[in-house]
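What follows is a set of notes on a single structure, which appears directly below.
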Amino acid sequence: MAKLRLTAGNVSNPNVHQIGIIALGSHLENHGPALPIDTDSKIASYIAFNASLLSGAKYLGIIYPAHEIAEIDHGIHNTLEDLCSNIIEVLKSAKKYLGISKVIIVNGHGGNLPLVTCLGEIEEKTDLMITLNSKVIESEGPHGGTGELSMGMYLGITNEAEVVNQTDTETYGEIGLTMFAKARENDPNIEAGARDIAENGVYVDEEYGEALLNLAIDSVLLDVQKNLDSDYGFKKTL
C-alpha cells in the first residue's frame, strides 16, 4: 500500500486530511422569481467547497434530501428520519473510503435545523465526530430576501430583472415566509423576517453577498481549526 504524503501541498496539519466537509441545503423549494429552487444547496456547496480549498479538508459533496417544518410548504422536502438516515449512509461511505474521522456539515437551509436532535445518533452510527455549521442561515436574513439575493448575485444565480418582483408576496408568499401564518405565530424569527420584507422590501448588493459568503466560510474554517486543536477522534495513521 502506497504511503501518502500527508504533508504535501499547502497543509499546515496532516490531520486535516481526516476532516470532511459536506454541504446540506435544499434542492426543491421556491425562493421567489429572482432565485432558483436550489438556492440553498448552491450557497451551501460554495461555502463548503471553498472552506475545503482553504483548509485542506476533504470536500465530500452534498446531501440530497432536506427537511422542513410542517407549518411551511414551499417546496418538496423529506422527513427528518429520512434526512438523518441518508446522512448516516453517506458518511459511513466517506469514512470507509476516505479514512475521515470528523465531519463538518455546512447547512444552508433553515428547515434542516431540527437535525440537531439527530446528531447524537449520526455520531453513534457512523463513529464520526460531527459539527453542524449553520452560520449562513444565522446571517442571511429573511427567506428570499436581500441576503440570499445578494449572495445569489455574487454567485451568478440571481435573475436581476426579476428582483423588482421579489416583494410581491401576494404571488410569491414564500418570500420572507409571509404566507405561513402558523409558522410566523410559532417562531419570532420567522415573524421578524416577514415583517422585514413587508416594511423594508429587498435590494441586491453583490459586495454584501460576498461578505456574507466569506463570513460563512470563515466560520467553517474556525470549525476546522477547533477540530484540529482537539486531538480527540483522530487516528494515528490515515
Side-chain angles (χ1 to χ4, degrees), residues 23-49 62-78 83 106-115 133-217:
L24 171 63
S26 176
H27 289 83
L28 301 168
E29 65 175 39
N30 294 322
H31 279 75
L35 288 167
I37 59 174
D38 57 350
T39 292
D40 293 350
S41 292
K42 287 188 164 100
I43 288 173
S45 294
Y46 178 88
I47 295 165
F49 182 61
I62 190 166
I63 297 293
Y64 292 159
H67 179 62
E68 186 56 272
I69 63 173
E71 294 83 6
I72 298 175
D73 181 15
H74 58 1
I76 300 173
H77 296 98
N78 309 96
L83 175 59
V106 179
N107 176 33
H109 170 56
N112 290 324
L113 289 175
L115 182 64
N133 184 302
S134 299
K135 183 65 175 180
V136 69
I137 298 170
E138 300 165 6
S139 309
E140 68 187 8
H143 182 77
T146 294
E148 286 192 306
L149 287 168
S150 298
M151 287 188 287
M153 183 61 69
Y154 181 77
L155 297 177
I157 62 174
T158 296
N159 182 351
E160 195 169 7
E162 286 288 350
V163 172
V164 66
N165 297 315
Q166 196 73 7
T167 52
D168 180 5
T169 56
E170 291 294 321
T171 305
Y172 309 104
E174 71 272 9
I175 300 170
L177 304 179
T178 54
M179 70 183 290
F180 302 108
K182 191 66 175 178
R184 294 176 60 173
E185 179 183 338
N186 292 342
D187 190 329
N189 292 323
I190 294 176
E191 175 63 19
R195 287 184 177 273
D196 183 33
I197 293 289
E199 295 170 6
N200 302 311
V202 301
Y203 64 91
V204 177
D205 182 338
E206 190 169 334
E207 290 186 0
Y208 176 53
E210 181 182 10
L212 285 174
L213 290 165
N214 287 337
L215 179 67
I217 292 167

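- Between H77 and H109, the ring planes lie parallel to each other; the angle is under 30°, not in the 30° to 60° tilted range.
- The 12-atom threshold is not exceeded at CD of E207, counting heavy atoms of other residues, nucleotides or ligands nearer than 6.0 Å.
- In this structure, M179 CE and T171 OG1 are separated by 11.0 Å, a value rounded to the nearest 0.5 Å.
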Hey, mind stepping through V136 and M151 against side-chain contact (heavy atoms from CB on, under 4.5 Å) and telling me if it holds? CA-CA 10 Å; V136 69; M151 287 188 287; 3.8 Å; yes
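- Rounding to the nearest 0.5 Å gives a distance of 11.0 Å between CD1 of I217 and CZ of F49.
- Looking only at side-chain heavy atoms (C-beta outward), I190 and I72 come within less than 4.5 Å of each other.
- Here the closest heavy-atom approach between residue E148 and residue G144 is recorded as OE1-N, 2.6 Å.
- Nearest heavy atoms, L83 versus P65: CD1-O, 3.5 Å.
- In terms of heavy-atom proximity, S139 sits nearest to Y208 at O-OH, 4.1 Å.
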Candidate pair L35 and T158, rule side-chain contact (heavy atoms from CB on, under 4.5 Å), full reasoning: CA-CA 5 Å; L35 288 167; T158 296; 3.3 Å; yes
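- Within 6.0 Å of atom CD1 in I76, 12 or fewer heavy atoms from other residues, nucleotides or ligands are found, so the atom counts as exposed in its surroundings.
- When side chains are defined from C-beta on, L155 counts as touching L213, because their heavy atoms get closer than 4.5 Å.
- Looking at every heavy atom in both residues, G147 comes nearest to L212 through CA-CD1, 3.7 Å.
- Proximity of a side-chain donor or acceptor of N112 to a complementary backbone N or O of H67 within less than 3.5 Å is detected.
- Atoms CD1 and OG1, from I157 and T39 in turn, are 4.5 Å apart once rounded to the nearest 0.5 Å.
- In this structure, I63 CD1 and S26 OG are separated by 13.0 Å, a value rounded to the nearest 0.5 Å.
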Intermediate values then yes/no, side-chain contact (heavy atoms from CB on, under 4.5 Å), H31 and H143: CA-CA 7 Å; H31 279 75; H143 182 77; 3.2 Å; yes
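- Checked against side chain to side chain donor-acceptor pair (under 3.5 Å), H74 has no partners two or more places apart in sequence or in another chain.
- The shortest non-hydrogen separation linking N165 to I175 is O-CD1, 4.5 Å.
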Any chance you could lay out the side-chain contact (heavy atoms from CB on, under 4.5 Å) test for I37 and N30, step after step, and finish with the verdict? CA-CA 5 Å; I37 59 174; N30 294 322; 3.8 Å; yes
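- A distance of 7.5 Å separates CD of Q166 from CD1 of I197, quoted to the nearest 0.5 Å.
- At most 12 heavy atoms of other shown residues, nucleotides or ligands fall within 6.0 angstrom of atom CD in E160.
- Considering only residues two or more places apart in sequence or on other chains, D38 meets the salt bridge (charged side-chain N to carboxylate O under 4.0 Å, His left out) condition with K42.
- Contact check for E71 versus F180: no side-chain heavy atoms found under the 4.5 Å cut-off.
- In terms of modelled atom types and a separation under 3.5 Å, the side chain of N107 and the main chain of N133 share no donor-acceptor contact.
- Here the side chain of H27 pairs no donor or acceptor atom with the backbone of G25 at under 3.5 angstrom.
- Shortest non-hydrogen contact noted between S150 and Y203 is OG-O, 3.9 Å.
- Rounding to the nearest 0.5 Å gives a distance of 12.0 Å between CG of D196 and OG1 of T178.
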